[in-house]
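Everything quoted here is computed from the prediction, not taken from an experiment. Proteins get letters first, then strands, A, B, ... in listed order; numbering begins at 1 in each.
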There are 2 protein chains.
Amino acid sequence: MKLTEAKQQFISNWGAFGTHWGINRTMAQIHALLLVSPDPMTQDDIMEELNISRGNTNMNIRELINWGLVDRVLLSGERKEFFTAEKDIWKVVTQIVKERKKRELEPMLQLLDKLENVEGDKKDKHVKTFVDTVSSIRKLGRQADKTLDRMIRAEESWFVGSLIKIFK
Amino acid sequence: MKLTEAKQQFISNWGAFGTHWGINRTMAQIHALLLVSPDPMTQDDIMEELNISRGNTNMNIRELINWGLVDRVLLSGERKEFFTAEKDIWKVVTQIVKERKKRELEPMLQLLDKLENVEGDKKDKHVKTFVDTVSSIRKLGRQADKTLDRMIRAEESWFVGSLIKIFK
DNA sequence: CCGAATTTTCAAAATATACTGAAAGATAGA
DNA sequence: TCTATCTTTCAGTATATTTTGAAAATTCGG
């Protein structure tokens, strides 16, 4: 397979993959493109390569920057802004975990804390089932939260341990 | 907070949470409802509780059954079908991991294997960056795949280890 | 086998999400 | 400061996804 075709397949599949995880197709595709591009690219480069509008490109680059996955780069002598993606996949994963934890897991845990204190008689099976379920989700969530913190700090844990051997 | 209100908040937030992870709102809400319901429910119960149509209810229940998160239950003397959700959260998580691995991770790994064999001169920096990126994603993915297998088998690993202490 | 009860299907409608492109805003060199 | 270049915004449009509801299919007791 030729590079051009391989690149297209990678980008298109990465986009589809992203949509299964609540990430919009274009954002995932821009990320994929930058991941496999050796040099920083401009908005116009990206627009052209992916056949998308200026507005769309701009919006999704910004979002990628917010997620900490893409950086703005200024090349001396160039007026335009260039963009580049972090290539160390372990860092990419860590960054995504960090953000999703903050945006989704933590608010969910706060909610569960609140819901666990529902009024009512624990002998009522409806109350009991509700409290038990919420409580077990909360516990699992808290545990995951702690573990992910450890992973982010990249100091211990099996996952980091086994992966660090491969990547560092 | 009263049970009714708590239940509603749980269901509605679980639905919103799901959408961030590529799961449709209704499916997540039905799951949430069944999770906190002590007894099996019929389609009509669910329709009424969540104010959704028969078709929608039916389709999403089926999908939850496909995911292995909900079971059809036949109560003796009852013509209607009843539905119930697995309440053991660890089993729920394992089941979701198992399915997503099969549906998303494995196909992605197959693609990456193929793409890593792109033609071309490795000294060309475009080829090199492509191959390096694909290769590092593939390696991380393979590692994750193995680890998740272990987690599914629930026989070892930090995560299981630390969680099993809490849940079993 | 009949027919009422129940479940499933799916085309059409509703809703939610993403994308475009032109205009406004910002920036930097002359 | 002025102007050409580049970036950002956002209302309108397009696309994708979800939901409805009525009709078709299935099921089960008699």
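- Ile137(B) has its side chain within reach of Trp14(A): a pair of non-hydrogen atoms, C-beta onward, lies under 4.5 Å apart.
- Within 4.0 Å (heavy atoms only), Asn58(B) reaches at least one base atom of the nucleic acid.
- Computed from coordinates, the Arg62(B) CZ to dT7(C) P distance equals 13 Å when rounded to whole Å.
- Whole-Å rounding puts the Met47(A) CE to dA22(C) C1' distance at 12 Å.
- For the pair Gln43(B)/Lys80(B), no side-chain contact is recorded, criterion being any heavy-atom separation below 4.5 Å from C-beta on.
- Comparing Thr19(B) and Phe82(B) by the nucleotide of DNA chain C that holds the closest heavy atom to each, the one mapping nearer the 5' end is Phe82(B).
- The separation between Lys80(A) atom NZ and dT8(D) atom P is 13 Å, rounded to whole Å.
- For the salt bridge (Lys or Arg N to Asp or Glu O under 4.0 Å) test with Asp145(B), the passing option among Lys101(B), Arg150(B), Arg138(B), Lys139(B) is Lys101(B); the others fail.
- Remark: P of dT18(D) and CD1 of Ile30(B) are 13 Å apart, rounded to the nearest angstrom.
- A close approach under 4.0 Å does not occur between any side-chain nitrogen or oxygen of Asn24(A) and OP1 or OP2 of dA16(D).
- Along DNA chain D, the nucleotide nearest to Asn56(A) and the one nearest to Arg25(A) differ in position, and the one closer to the 5' end is contacted by Asn56(A).
- Between Trp21(A) and Arg100(B) the shortest side-chain heavy-atom distance falls below 4.5 Å.
- Between Met59(B) and Thr42(A), the residue anchored nearer the 5' end of DNA chain D, judged by the nucleotide with its closest heavy atom, is Thr42(A).
- Here dC10(C) presents its C1' atom at 15 Å from CG of Asn60(B), a figure rounded to the nearest Å.
- Summarising the geometry, the separation between CD on Gln43(A) and P on dT9(D) is reported as 11 Å, rounded to the nearest angstrom.
- Out of dG21(C), dT20(D), dT19(D), the shortest distance to the side chain of Ser53(A) is found at dG21(C).
- Thr26(A) comes within 4.0 angstrom of the backbone, heavy atoms only, and of no base.
- Rounding to whole angstrom units, CD of residue Glu81(A) and P of dT27(C) are separated by 10 Å.
- Salt-bridge check for Lys128(A) with Asp121(A): failed, with every basic side-chain N at 4.0 Å or more from each acidic carboxylate O.
- For Arg79(A) against dT27(C), a side-chain-to-base donor-acceptor contact under 3.5 Å is present.
- The distance between atom CG of Asp44(B) and atom C1' of dT8(C), rounded to the nearest whole Å, is 14 Å.
- Phosphate proximity of dA24(C) to Arg54(A): absent, as no side-chain N or O sits under 4.0 Å from OP1 or OP2.
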